[in-house]
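Heavy-atom basis, side chains included; hydrogens, waters and symmetry copies ignored. Order of the sequence lines sets the chain letters (A, B, ...), proteins ahead of strands, with each chain counted from 1.
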There are 2 protein chains.
Amino acid sequence: MPGINEVAVLAGVSTATVSRALSGNGHVSAATKSRVKAAAVELGYVVSSNASSLATGRTKNVGVVIPFLNRWFFSSVVEGAEHSLLSHGYDLTLYNLSGNGDERRSVFEHFLLRKRVDAVIAISLELTASEVSSLLDMNKPIVGVGGPLPGVRTLSIDDEQVARLATEHLLSLGHRSIAHIGGNNDVELDFHLPTHRRVGYEAALEAVGIPIDPGLFAAADFTLQGGYRAAKQLLGNPRKRPTAVFAASDEMAIGTILAARDLGLHVPGDVSVIGVDDHELSDFFGLSTVAQFPAEQGRRAVEILMDQLHPDRRAPASNIPLRFELIVRSSTARPGG
Amino acid sequence: MPGINEVAVLAGVSTATVSRALSGNGHVSAATKSRVKAAAVELGYVVSSNASSLATGRTKNVGVVIPFLNRWFFSSVVEGAEHSLLSHGYDLTLYNLSGNGDERRSVFEHFLLRKRVDAVIAISLELTASEVSSLLDMNKPIVGVGGPLPGVRTLSIDDEQVARLATEHLLSLGHRSIAHIGGNNDVELDFHLPTHRRVGYEAALEAVGIPIDPGLFAAADFTLQGGYRAAKQLLGNPRKRPTAVFAASDEMAIGTILAARDLGLHVPGDVSVIGVDDHELSDFFGLSTVAQFPAEQGRRAVEILMDQLHPDRRAPASNIPLRFELIVRSSTARPGG
DNA sequence: CTGAAAGCGCTAACAT
DNA sequence: ATGTTAGCGCTTTCAG
């Protein structure tokens, strides 16, 4: 593994020039630059990121902290971030903070702070004030995805509006008895996302004068199984069966469709179902939903960090609110249709 | 951010001693060791991994290369590896090699080789001979998960045996007309996994004298949708409908269950279905399957690397073949039952 | 058991 | 435009 020295020798210049030619910092004549590059290629030279980091204080690496990896939303955000990071010449190191407090503290103290990363992306994770400030004190920008973090630039969809949109879709079809499957306390996650969605749902109903019926709410854990169980409950009672269900996640909505089927109900004939996410399975199940775009969210988070890390580069307009979009498939229709 | 110097001063020793006390290399009297540790804690000192790596040549970081992240198998392996790595004091940096050849080469040349990692875990990815040897040349151990890599220690279940086991389960229930949904060329992935499973399926049939009927094979892409479509095909023809289906992945098996349902067939009454994986949704669908344990595979991969990275440490018996296990749920039963 | 000092491989002033 | 020269913060001989 050749060092910067052999390159310098082969190109007949100093190591400083090699460094400049290869990094693009400082001026180097076109001629020498190409000579250096040729030499580097010939030798198969590649900089030692450690030496470089030590000298510059920058690591070209960002840390991503995340509570789970094997869920559609999280892994999609990470994928988006990874792609974008790669294209900026950055690496991504992953910290799975699912563990309890101990593991979590250890990650913060021994890993993130080891000067391994230039910045961190926190996905659906509520960092404590002290965690945030210790990072900020070290001059490491943070951006959150999926929920507000005190004192941190955060990307997240407007959950209340998303829920409103879904509910309004149902209302516009003529539904008046609309149930909601939301989150239980366990899933309140760190950001009260379930509450926001419930609030949006209720707001949409109230806006058209429909009273909130607590009997039309059920809590679940955002999974397909959970949604199935909750829907059985909601749809099983023929006396007060709603004509439509708004589930706070697509997985729960799919569970609802399956539950309806098992109850002998037809979707959307007997009951309309809408979710939130545009999960990879939603298209298959014909589920109407309000899509969000996690990979794009990951990408956007990276853009924001790059702007902070390289204040010189022209910041692309970066305050567009996060996109969401109603996707109507075959699980929603006029009641009694 | 205090450096090793301030710790040395506060503890009244030299930086060399601090280094030894904190890293555990070399002898330090118990007394000074604890004094140093106290000082380090008091100052909130944490080593600079870059400086340390530069000096030692070790990074305490392993690279994981992977073709996708948002699939159950991959993200589970990564989760398992991450946990294990963390407990060994290692970080994990993630490289998503889904892209085409260009992006892939760039990862290899500019990232992995940048001396960022001490080792690499390749998940279901066929590295080229030159990729492998360039890593090995730099003395970076590699371990593969999910398929054999030339010249590399690899972890993977015995796909042929897995398929045989699944098929034998069906046979033992009395099925004689057993269809198989395997992979198409796109999914041949890098490792001919679909072929191995098909071979195992055929071997099981032949062992009991059942001729292979090409009409009972269908190819799909390992997804739920793909399985659904293939199953519609296989089960839709009443003249030669099999009494059981062995799908090469749980997602396809679930698609098969849904297809059967839509065809008005009862599972397992009219058709038994078995898959491979024990996917997170399988339990919900009552799917019988041959489970594999991806998180454990990730963990095991890390153990193997640690053995190579720290040859001194007592290697835990490490040649247990990868575990798989038949899980019988409600999707399989005697034919006509 | 502990200290002094020489790097690890690069970058960034500072010169020229 | 290019070369010289100090470090970046730690580890590790080599002495003692």
- Query: Does B:T17 or B:N50 map to a spot on DNA chain D nearer the 5' end, using the closest nucleotide for each?
  - Reply: B:N50
- A:S14 has its side chain closest, among C:dC1, D:dG3, D:dC10, to D:dG3
- Query: Does A:L10 reach the side chain of A:L43, with side-chain heavy atoms less than 4.5 Å apart?
  - Reply: yes
- Distance in angstrom units between A:K33 NZ and D:dT2 P, rounded: 10 Å
- Query: Does B:R58 make a side-chain N or O approach to OP1 or OP2 of D:dT12 shorter than 4.0 Å?
  - Reply: yes
- Nearest-nucleotide wise, let me know which of B:T15 and A:A16 is further upstream toward the 5' end of DNA chain C. B:T15
- Message: Nearest whole Å is fine: how far is D:dG9 P from B:L22 CG?
- Response: 17 Å
- Query: Under 4.0 Å between a side-chain N or O of B:S19 and OP1 or OP2 of D:dC10?
  - Reply: no
- Considering non-hydrogen atoms only, spot the tightest contact between B:P67 and B:L125 and give its length. CB-CD1, 3.8 Å
- Is the distance from OP1 or OP2 of C:dC8 to the nearest side-chain N or O of A:S48 less than 4.0 Å? no
- Message: Nearest 0.5 Å, please: how far is OG in A:S19 from CG in A:N25?
- Response: 7.5 Å
- Which nucleotide, D:dA1, D:dT11, D:dG3, lies nearest any side-chain atom of A:S29? D:dA1
- May I have the distance from A:Y45 (atom OH) to C:dG9 (atom P), rounded to whole angstrom? 10 Å
- Where the side chain of B:R20 is defined as all heavy atoms beyond and including C-beta, which of C:dG9, C:dC10, D:dT13 is the nearest nucleotide? D:dT13
- Please check if atom CE in B:M1 has more than 12 non-hydrogen atoms from other residues, nucleotides or ligands closer than 6.0 Å. no
- Task: Could you state the atom-to-atom distance from NE2 of A:H27 to P of C:dA12 in whole Å?
- Result: 15 Å
- Message: Base, sugar-phosphate or nothing for A:V18? Non-hydrogen atoms, less than 4.0 Å.
- Response: nothing
- Note on the structure: Atom CD1 of B:I4 and atom P of D:dC10 are separated, to the nearest Å, by 5 Å
- Message: I need the CG-C1' distance between A:L43 and C:dG9, as an integer number of Å.
- Response: 15 Å
- Between B:G12 and B:A55, just flag the one whose closest nucleotide in DNA chain C comes earlier from the 5' side. B:G12
- Query: With a non-hydrogen cut-off below 4.0 angstrom, is A:T32 in contact with a base, only sugar-phosphate, or nothing?
  - Reply: sugar-phosphate
- Item | Interatomic distance, B:K115 NZ vs C:dG9 P [rounded to whole Å] | 8 Å
- Steps toward side chain to side chain contact (heavy atoms under 4.5 Å, CB included) verdict (A:R116, B:K60): CA-CA 11 Å; A:R116 271 259 159 114; B:K60 288 275 199 172; 3.9 Å; yes
- Message: Can you measure A:N25 atom CG to C:dC10 atom P for me and round it to whole angstrom units?
- Response: 15 Å
